[in-house]
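Indexing begins at 1, ligand by ligand and atom by atom, following the structure's order. The analysis underlying the following values was restricted to heavy atoms, covering all of them including side chains, and did not include hydrogens, waters or symmetry mates. Along the sequence shown, residues are numbered consecutively beginning with 1.
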Amino acid sequence: MNRWFTSLALLGLSGTLLVGCNNQGEGEDEQGTDEKEEQEAEQVSNDAMPKNVIMMIGDGMAAGQMEVARLLEHGMEGELHMAELTDAAWMNTFSNDHWATDSAAGGTAISSSTKTDNGRAGTGPDGEPLDSVADLFKENGKSVGLISNNTVTDATPASFGASVDHRSETPGIARHLFENEYDVLLGGGKGDFIPENQGGNDLIQEFIDEGYAFVEDRDELLAEEDTEKLLGLFHPSFMNYKTDYDLYDSNEPSLNEMTEIALDSLSQNEDGFFLMVEGARIDHASHAADFTNIWQETIEFDYTVGDVMDWAEGRDDTLVVVLADHETMGVAASETMDKEGLREVSASPEYMVNQMEFDDEAGEYASESVKSVVEEYAGVSLTDEEIANFNEYIYNQEGELLLPHEQAWELGSFIARHYGAGVMDREIRANSYETGGHTGNMVPIFADGIGSESFNGVMDNTDVVQRIAELAELDYEPGEIIE
Ligand SMILES: [Zn+2]
């Protein structure tokens, strides 16, 4: 008996006791009815079991990101698809060694029901490799797919599909994804599969030799309906932010398109499947206080949730769980937020930084280029003092130049302030060595389909897969498939 039906039975029992106090004569009848209902409930639990589980993770997404997206996309009366799922819960996200988890430890807690240290993906605090929900489903004859618009080797998919001491071991993660024989892998990160990073071995060719179809852009992907084994790598590194698609003349698929093709592919297995879909760049946009891409990335994720719900509608064999691994930057839909201004921003801060002219001799960006680029793409006129501050903030305390994406975080904070968009102060982020600005704020879980009632109240991130395993009647202990 799973936990949900245990609590149903307990509720039934306490109901009987209360009724018994009020009216002893009818007590026995009530109890008889309750037992019958309990048996029926158990019958339902045996009949209706999720054969397929679709888990969707908005990286760094909590109430603030969702509200910003809702307001900018639909206005005050509008609603996100996520809000239409039947059941909801809150989730705590702390890791083994910090209240602010990174995506590796956060992903591992979700995928393998085990708290581990920040930085670890698919391994416990002592380095022991963990079996994840992906492995559990694979072991039971089901198909497995992992999708991310980050690299497929980054922390979240790695937590489901690999076991490494540190998330930075991305070529090793790519190798694990191959060895674990997952059926569908879609996202960025081609650079981790090429001979230069695989000790001279062509890992993509190894996938092809094992019967995988390999695709590299949107057109190739959309032609792969009903392919059973599929590897799609659409960018050497991260896939592009929504604002930057056209600026980079990109031919990448959307999260919706990747998910649709994955569902076609995985649903051919009559024994069912597990699919993890990550909206990864919500986190990246949040780090950069880039409210325009927080909106666009969260909305793309939300439309993908809508598509998945359409796919699952009317089925009696699928559970959909939508959640986040942690919150990033304390993003808030503040009273002062200028929605119109933010809608008009036409590039990510990362793209803007790439357009600026760096003066090697001075060791800073030329003031005029900072000013004109930010005016052109963000519609913001930075003051001389702000430009001087930006040029100061692109160095860390050791005097080293930050990486381009970290420079973009600094630029994004200036733009957010101009538009009255509420977010963690840049100095707090700069001092957040553990995570670069993650918070311990609780995140939402939404669930729909078979067994979704199991997701309620305040949960821990280690509860999620335990509940899925119980519902699917698969034998699983934290981090371990029971043979
Ligand atoms: Zn992050």
Side-chain angles (χ1 to χ4, degrees), residues 56-66 68-69 91-95 97-111 116-121 148-160 166-168 170 173 187-189 237-242 255 276 278-291 293-298 300-301 323-332 348-350 396 402-413 416 423-444 461:
M56 307 183 67
I57 301 180
D59 200 303
M61 181 194 75
Q65 286 81 359
M66 289 171 57
V68 167
M91 189 176 88
N92 286 309
T93 64
F94 61 90
S95 70
D97 62 347
H98 209 284
W99 67 81
T101 189
D102 78 322
S103 290
T108 301
I110 294 169
S111 72
T116 194
D117 293 346
N118 282 355
R120 287 193 169 278
S148 176
N149 51 11
N150 194 337
T151 66
V152 290
T153 51
D154 202 77
T156 303
S159 305
F160 286 79
H166 199 271
R167 56 187 288 173
S168 59
T170 51
I173 291 165
S237 175
F238 305 150
M239 293 172 71
N240 286 316
Y241 282 116
K242 297 293 139 325
L255 197 63
M276 191 285 292
E278 183 194 25
R281 306 222 77 189
I282 301 166
D283 171 68
H284 299 173
S286 298
H287 279 288
D290 171 5
F291 278 65
N293 275 303
I294 290 171
W295 156 46
Q296 296 204 11
E297 295 289 336
T298 304
E300 185 180 71
F301 179 72
L323 74 171
D325 50 354
H326 57 78
E327 197 277 340
T328 302
M329 288 291 282
V331 166
S348 70
E350 197 169 325
N396 66 18
L402 297 178
L403 297 168
H405 75 272
E406 294 168 327
Q407 297 176 22
W409 296 358
E410 296 295 345
L411 183 67
S413 288
V423 67
M424 180 190 288
D425 187 82
R426 62 150 303 271
E427 197 171 336
I428 295 173
R429 173 187 51 213
N431 290 327
S432 300
Y433 301 112
E434 194 81 19
T435 62
H438 293 184
T439 72
N441 293 356
M442 283 202 285
V443 298
N461 50 7

Next item on the list: Just to the nearest 10 degrees, tell me the angle at the Zn ion (ligand 1) spanned by Asp283 OD2 and His287 NE2.
Entry: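 Computed angle, vertex at the Zn ion (ligand 1), rounded to 10 degrees: 100°.
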Strictly under 2.8 Å, is any N, O or S atom of [X] next to the Zn ion (ligand 1)?
{"X": "Asp102", "answer": "no"}
{"X": "His438", "answer": "yes"}
{"X": "His326", "answer": "no"}

Notebook entry, point to check: What residue among Asn150, Thr328, Thr156 forms side-chain hydrogen bond (donor to acceptor under 3.5 Å, both in side chains) with Asp283?
Noted result: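 Per the side-chain hydrogen bond (donor to acceptor under 3.5 Å, both in side chains) rule, the option paired with Asp283 is Thr328, out of Asn150, Thr328, Thr156.
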Next item on the list: Decide yes or no on side chain to side chain donor-acceptor pair (under 3.5 Å) for Gln65 and Thr298, but give the supporting numbers first.
Entry: CA-CA 7 Å; Gln65 286 81 359; Thr298 304; over 6 Å; no
Item checked: Side chain to side chain, Asp102 and Glu434, heavy atoms closer than 4.5 Å ->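 Heavy-atom side-chain distance check fails, nothing below 4.5 Å.
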Check: Should the ring pair His438 and His326 be called parallel, tilted or perpendicular, given that the plane angle runs from 0 to 90° and is split at 30 and 60?
Finding: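 Aromatic pair His438/His326 classed parallel.
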